[in-house]
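Supplied in structure tokens, the structure appears directly below.
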Amino acid sequence: MNQPVVREVKKKLQRLIYQAWEKAFAEGLLPQPGARDEIMIEVPKERAHGNFASNIAFQLTARTRAGGQSGRAPRDVAEILRERVPAHPYLAGVETAGAGFLNFRLTPLWLQEVLLNLAEAPDDYGRIDDLKGEKIQLEFISANPVGPMNVVNARAGALGDSLARFFVFCGAEVEKEYYVNDYGVQVTVLGESLEVRYRELTGEEVTFPDYGYQGEYLIDLARELLAEKGRSLLELPKEERIAFCKEWGCRRILKSQRQDLEDFGIFYDHWFSERTLHESGAVDAVVQRMEKNNLLYEKDGALWFWATAFGDEKDRVVRTADGRTTYFTADIAYHLDKLARGFTHLINIWGPDHHGYIARMKAALEALGYGREKLEILIAQQINLIKDGKPYKMSKRRGEFITMRDLLEEVGNDAARWYFLMRSPDSHLDFDLDLAKEETAENPVFYVQYAHARIASLFRQLDREFRPDPTVINEAAWEDDELEIMEKMAFFPETIALAAGEREPHRLTAYLLELATLFHSYYNRKRFLTEDERLTHIRLSLAFAVGTVVRNGLRLLGITAPEKM
RNA sequence: GCGCCUGUAGCUCAGCAGGAUAGAGCAACGGACUUCUAAUCCGUAGGCCAGAGGUUCGAAUCCUCUCAGGCGCGCCA
């Protein structure tokens with residue numbers, strides 16, 4: 001795999017500056033050069049400031065003072081370096097500017113490299129090997145199987161699925177896992193709630209428990225249960241009937257959750273049942289192991305984990321006074337299981353209501369001898385649904401909430417994914433249902449997709465298969481607007497690295513918007529299919545490249561790249 | 001009370017280990033289709049980056065404090 005062009009160019013520039021620095025040192029003008037990597041190469045915001053810039057002069061200024069010399073102004077240092085930067089085919093000019101920046105203007109050579117890479121292996125453009133050798137497990141959503149998916153689940157799903165795609169593109173092996181919380185109070189309440197609804201449908205007079213799940217969906221589910229089993233469940237003792245409802249309800253809800261996810265384009269590699277941890281004895285084994293390692297103490301009849309010794313604010317119960325293990329205990333067992341499976345890195349995406357849980361989970365892993373950095377927890381922040389200009393509150397208890405399915409049916413998968421991913425996971429985003437629904441045409445995702453469709457349309461009109469010709473690309477006389485687009489595409493791999501590294505796909509949505517803007521503007525200004533065969537080829541090479549980058553980018557977000565719109 | 005997240009244009013939000021004149025979309029206003037898709041383009045307007053200190057050549061960005069909003073602080077999951 002080729003190194004991304006931008007990285008190579010930065011390295012080249014570092015080398016050139018370093019050579020200048022060494023020369024100046026030999027002449028006694030600057031202090032001794034340090035490491036080459038400390039020379040920072042950045043990208044100026046202003047085009048007038050060149051393609052790349054370095055602030056090395058500012059750093060060196062401090063050092064000329066420290067070295068006992070009289071000290072030089074940043075401008076002078078920059079000038080000393082500028083005069084000594086060796087010539088290079090990539091280099092069109094070096095200038096000093098501002099308070100002491102060193103600005104580099106490059107020839108189109110490096111950008112032609114981008115087009116050539118794109119022509120050679122389109123589907124792989126943007127691939128990097130930053131995560132090569134990593135085996136990452138990504139666990140996300142993991143909702144209780146007690147009701148339909150909600151919109152925060154959808155956000156976490158879009159994020160997790162997209163990150164998985166990024167990681168794979170960065171060379172990692174990735175496994176997506178869903179942890180099914182099919183054990184404990186919540187599912188028991190589900191069983192009880194369903195059982196009451198069932199009896200209600202058989203005509204029995206019932207009082208619905210106030211702690212039960214009151215959503216409509218349970219009535220529907222009870223109806224299905226009645227259709228499937230008839231009144232036969234009434235023969236069972238109540239306890240058994242509840243147990244059956246719990247079992248049956250869990251399975252049905254899980255199945256529909258899974259269906260919702262798959263309709264959203266999210267497919268898991270592995271579904272992991274919490275119950276199996278209890279049944280296999282893994283949970284009890286955790287208690288024993290912690291006991292053996294002197295991590296537990298007894299108080300008020302319960303067994304406590306000494307979490308404060310590992311950075312948590314409070315100690316945590318792993319076995320209650322009446323002998324039950326807690327959710328936390330099972331979760332420790334779950335994470336130990338993950339670790340035993342040989343992943344180099346674990347990532348969990350949790351909802352905002354679980355952030356208080358992070359410290360104790362990390363404390364447990366550390367106490368058991370694993371590095372706390374091995375587990376990374378991302379918080380997908382909350383979503384405020386806005387309807388009719390007002391916040392739309394959700395309540396699982398009252399059963400009036402907008403489900404993930406509702407949302408997707410209203411705005412579509414592509415728009416929903418884009419909306420979730422276009423903001424930082426940290427932002428508490430406002431999702432305006434009316435806006436997303438009514439103004440779909442104004443939605444930025446269509447703007448990006450439209451660029452792709454326009455390009456596809458160009459190639460449809462060509463009566464032959466198009467393959468970019470390296471010779472034509474190398475000999476082309478590029479215009480400024482073309483170079484700008486090429487430069488943007490050169491930063492595609494960088495954007496992916498950043499998005500993957502920071503776990504922030506919104507870097508890519510922003511990038512795609514910028515690229516699409518440049519392209520639409522260019523499209524309006526220039527014709528692609530002209531009488532001049534050479535010119536046509538040059539412009540189509542550019543279109544080919546843009547289309548490829550847009551398609552590759554959308555793929556990472558889990559969004560389709562339509563040929564027609 | 002403690003912890004986490006957030007505070008940038010009228011609205012929703014970007015701003016990459018600090019960098020040169022703070023950006024985008026929407027909304028507003030004015031223009032552009034005989035031409036490869038007008039789901040597009042071009043232009044105008046819009047800001048005490050919540051506030052106060054500090055760090056330095058340089059702060060929206062880093063540190064401290066204050067203010068405001070959200071979420072969490074169970075022998076629940």
(request) Return yes if some donor-acceptor pair links the side-chain N/O of Tyr511(A) with the main-chain N/O of His506(A) below 3.5 Å, else return no. (result)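 It does not hold such a pair.
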(message) On the nucleotide C73(B), are OP1 or OP2 found under 4.0 Å from the side-chain N or O atoms that Arg360(A) carries?
(response)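 Checking Arg360(A) against C73(B): no side-chain N or O falls below 4.0 Å of OP1 or OP2.
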(request) Return one dot-bracket line describing RNA chain B 5' to 3' (Watson-Crick or G-U wobble pairs, both distances under 3.5 Å; ( ) same strand, [ ] crossing, | another strand, . none). (result) (((((((..((((.....[...)))).(((((.......))))).....(((((..]....))))))))))))....
(message) Ring centres within less than 5.5 Å and planes less than 30° apart: is that true of His506(A) and A14(B) in this structure?
(response)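 Stacking is absent between A14(B) and His506(A), given that the ring centres and planes do not meet under 5.5 Å and under 30°.
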(message) Testing the basics here: between Ala78(A) and Leu102(A), what is the closest heavy-atom pair and its distance to 0.1 Å?
(response)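 Nearest heavy atoms, Ala78(A) then Leu102(A): O-CD1, 3.5 Å.
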(request) Answer yes or no on whether Arg360(A) is positioned over the face of Phe305(A), meaning its NZ or CZ is under 6.0 Å from the six-membered ring centre and within 45° of the axis. (result)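 Judged by the rule, Arg360(A) and Phe305(A) form no cation-pi pair.
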(message) Looking at Tyr450(A), I'd like to know whether one of its side-chain N or O atoms comes within less than 4.0 Å of OP1 or OP2 on A39(B).
(response)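 For A39(B), OP1 or OP2 has a side-chain N or O of Tyr450(A) closer than 4.0 Å.
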(message) Between the base of C57(B) and the ring of Phe58(A) - centre-to-centre under 5.5 Å, planes within under 30° - is that a stack?
(response)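 Stacked: ring centres under 5.5 Å, planes under 30°.
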(request) Would you tell me whether Glu192(A) and Tyr211(A) have side-chain atoms, one donor and one acceptor, within less than 3.5 Å of each other? (result)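 Looking only at side-chain atoms, Tyr211(A) and Glu192(A) do form a donor-acceptor pair, the distance falling under 3.5 Å.
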(message) Quick check on RNA chain B: between Glu274(A) and Glu42(A), whose nearest nucleotide comes earlier from the 5' end?
(response)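 Its nearest nucleotide being more 5', the pick is Glu42(A).
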(message) With nearest nucleotide decided by heavy atoms, which residue, Glu38(A) or Pro44(A), maps closer to the 5′ end of RNA chain B?
(response)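 This one resolves to Glu38(A).
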(request) Check whether any side-chain N or O of Lys314(A) sits under 4.0 Å from OP1 or OP2 of G74(B), and answer yes or no. (result)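 Lys314(A) to G74(B) OP1/OP2: side-chain N or O found under 4.0 Å.
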(request) Heavy atoms only: give me the nearest Phe431(A)-Ile383(A) pair and the separation to one decimal. (result)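 Here Phe431(A) and Ile383(A) meet closest at CB-CG2, 3.8 Å.
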(message) Please determine whether a side-chain nitrogen or oxygen atom of Gln381(A) lies at a distance below 4.0 Å from atom OP1 or OP2 of C4(B).
(response)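 For C4(B), OP1/OP2 do not have a side-chain N/O of Gln381(A) under 4.0 Å.
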(request) Using a cut-off of strictly less than 4.0 Å, decide whether Arg460(A) has a side-chain nitrogen or oxygen near OP1 or OP2 of U37(B). (result)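 For U37(B), neither OP1 nor OP2 has a side-chain N or O of Arg460(A) closer than 4.0 Å.
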(message) Show the nearest heavy-atom pair for residues Pro74(A) and Thr61(A), with the distance to one decimal.
(response)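 It is CA-OG1, 3.3 Å.
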(request) Please confirm whether the backbone N or O of Ile39(A) pairs with a side-chain atom of Gln14(A), one donor and one acceptor, at under 3.5 Å? (result)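 Present.
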(message) Whether Ser521(A) contacts C42(B) is assessed here as follows: a side-chain N or O lying under 4.0 Å from the phosphate OP1 or OP2. Is that the case?
(response)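 Answer yes for this pair, as a side-chain N or O of Ser521(A) is under 4.0 Å from OP1 or OP2.
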(request) Give a yes/no answer on whether the side chain of Arg454(A) brings an N or O atom under 4.0 Å of OP1 or OP2 in A39(B). (result)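 So the side-chain polar atoms of Arg454(A) never come under 4.0 Å of the phosphate oxygens OP1 or OP2 of A39(B).
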(message) Would you say the base of A39(B) stacks on Tyr447(A) (centre-to-centre below 5.5 Å, plane angle below 30°)?
(response)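 The base of A39(B) is not stacked with Tyr447(A) (the test needs centres under 5.5 Å and planes under 30°).
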(message) Taking 4.0 Å as the cut-off, does a side-chain nitrogen or oxygen of Thr61(A) come that near to OP1 or OP2 on U56(B)?
(response)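 No, Thr61(A) has no side-chain N/O under 4.0 Å of OP1/OP2 on U56(B).
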(request) Go through the N and O atoms of the side chain of Asn103(A) and the base of A20(B), and report whether any donor-acceptor pair is under 3.5 Å. (result)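 Looking at the base of A20(B), it does pair with a donor or acceptor on the side chain of Asn103(A) (distance under 3.5 Å).
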